[in-house]
Visitor: 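The following block contains the structure, expressed as structure tokens.
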Amino acid sequence: MEVIDHERVHADDRNLCKLAISELRGIYSEIGLSREELDLLDMPRRSFIVHFPVRLDTGKIKMFVGYRVQ
């Protein structure tokens with residue numbers, strides 16, 4: 001079993017989808033995906049990005065980003 005380096009997954013939040021597709025392209029034949037199915041996964045049906053403030057224990061307010069992709 002190969003160990004996945006999760007550090008690179010969180011290195012650039014904007015490219016998470018591209019990273020996932022890149023990983024799938026490398027193994028799509030091994031998991032039984034056709035090229036057409038892989039192409040369908042390349043573009044999400046919906047995506048939402050929200051920015052929200054959170055008051056930290058220190059009293060400071062920090063902005064966070066939330067993602068939901070279907």
Side-chain angles (χ1 to χ4, degrees):
M1 178 185 235
E2 181 181 337
V3 176
I4 298 173
D5 179 13
H6 291 287
E7 287 297 317
R8 69 185 176 135
V9 171
H10 300 290
D12 185 357
D13 292 339
R14 288 171 280 197
N15 290 318
L16 289 178
C17 184
K18 289 181 183 179
L19 176 63
I21 294 299
S22 170
E23 295 287 331
L24 276 176
R25 286 183 201 278
I27 62 166
Y28 78 97
S29 61
E30 293 177 29
I31 61 174
L33 284 179
S34 69
R35 184 67 187 169
E36 292 81 20
E37 290 170 317
L38 183 62
D39 288 341
L40 286 173
L41 293 172
D42 194 23
M43 181 64 69
R45 185 176 295 181
R46 291 181 200 98
S47 62
F48 301 96
I49 300 173
V50 296
H51 298 81
F52 57 95
V54 173
R55 185 176 304 273
L56 304 176
D57 291 340
T58 62
K60 293 184 180 181
I61 296 176
K62 182 174 179 181
M63 291 295 289
F64 286 89
V65 180
Y67 300 92
R68 178 181 173 141
V69 179
Q70 297 176 322

Visitor: What pairs with Lys60 under side chain to side chain contact (heavy atoms under 4.5 Å, CB included), at least two apart in sequence or on another chain?
Guide: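 Per chain and number, Lys60 pairs via side chain to side chain contact (heavy atoms under 4.5 Å, CB included) with Thr58.
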
Visitor: Give the cluster check for Ile27 versus Leu33: same hydrophobic cluster or not, with ILVMFWY residues linked at side-chain heavy-atom distances below 4.5 Å.
Guide: yes

Visitor: Within the structure provided, determine whether Met63 and Val65 are in side-chain contact (heavy-atom separation under 4.5 Å).
Guide: no

Visitor: Applying side chain to side chain contact (heavy atoms under 4.5 Å, CB included), can you list everything that pairs with Leu40, at least two apart in sequence or on another chain?
Guide: none

Visitor: Consider only side-chain heavy atoms of I, L, V, M, F, W and Y, link residues closer than 4.5 Å, and tell whether Leu38 and Ile31 are in one cluster.
Guide: yes

Visitor: Show the nearest heavy-atom pair for residues Lys62 and Phe64, with the distance to one decimal.
Guide: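 Shortest heavy-atom separation between Lys62 and Phe64 comes out as O-CD1, 3.6 Å.
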
